[in-house]
Amino acid sequence: MKNKVYDILRKVPKGRVTTYKEIAKAVDTKAYQAIGQILKRNPYAPDVPCHRVVRSDGTIGGFRGRREGKAVTDKKNMLKKEGIEFERDRIKEFEVVLFSF
DNA sequence: CGCAGATGGCTAG
DNA sequence: CTAGCCATCTGCG
């Protein structure tokens, strides 16, 4: 199923983001928690833009868990370049850029 | 190669 | 706010 997760996530267009829950639903899995792990240790770094995945409330989520602050800035910068505005560590137009499968 | 521990986000009270 | 849940990932022998 994780394979599907990657596949789904790869479908996310530039400038859009998704939530762990949405992915879980898309892959027919209730363990959206596992998505966090998958993205954290994203083995498909270039194929799967894990930085486009956020929490259900618009926060970037576990991306700041380990590299407190530094990685966050990086992700935010990447998303910002794609046209996603950030409010601190939360997405501003989250509902707008939110991509539904 | 196999097992166990730990992680990560969402829901409910 | 805290605790629990499910699926996955990592480390060690």
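Order of the sequence lines fixes the chain letters, A, B, ..., with proteins taken first and strands second; residue numbering starts at 1 for each chain. As a basis for the values below, the full set of heavy atoms in this structure was taken, side chains included, without hydrogen atoms, waters or symmetry mates.
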**Q** Of all residues at least two apart in sequence or in a different chain, which pass the salt bridge (charged side-chain N to carboxylate O under 4.0 Å, His left out) check with A/Asp28?
**A** none
**Q** Taking only residues two or more places apart in sequence, or in another chain, which ones meet A/Tyr6 in a ring-ring contact (aromatic ring centres under 6.0 Å, His included)?
**A** A/Tyr44
**Q** My understanding is that only residues two or more places apart in sequence, or in another chain, count here; which of them pass ring-ring contact (aromatic ring centres under 6.0 Å, His included) with A/Phe94?
**A** none
**Q** May I have all residue pairs that pass salt bridge (charged side-chain N to carboxylate O under 4.0 Å, His left out) and include part of residues 8-19 of chain A, sequence neighbours excluded?
**A** none
**Q** Which residues pass the side chain to side chain donor-acceptor pair (under 3.5 Å) test with A/Glu82, not counting sequence neighbours?
**A** A/Arg52
**Q** Could you tell me the boundaries of the chain A footprint on DNA chain C, defined by atoms under 4.0 Å from its heavy atoms?
**A** C/dC5 to C/dT10
**Q** Does a nitrogen or oxygen in the side chain of A/Arg41 sit under 4.0 Å from OP1 or OP2 of B/dT7?
**A** no
**Q** Taking a hydrophobic cluster as the set of Ile, Leu, Val, Met, Phe, Trp and Tyr residues connected by side-chain heavy atoms closer than 4.5 Å, whether directly or through intermediates, do A/Val12 and A/Val96 fall within one such cluster?
**A** no
**Q** Rounded to whole angstrom units, what separation is found between the CG atom of A/Leu39 and the C1' atom of B/dT7?
**A** 13 Å
**Q** In this structure, how many angstroms lie between the P atom of B/dG8 and the CG atom of A/Asn42, rounded?
**A** 15 Å
**Q** Applying salt bridge (charged side-chain N to carboxylate O under 4.0 Å, His left out), name anything that partners A/Lys21, two or more places apart in sequence or on another chain.
**A** none
**Q** Taking only residues two or more places apart in sequence, or in another chain, which ones meet A/Glu87 in a salt bridge (charged side-chain N to carboxylate O under 4.0 Å, His left out)?
**A** A/Lys92
**Q** Within residues 24-37 of chain A, find the residues that approach DNA chain B with a heavy atom at under 4.0 Å, and present them sorted by residue number.
**A** A/Tyr32, A/Gln33, A/Ala34, A/Gln37
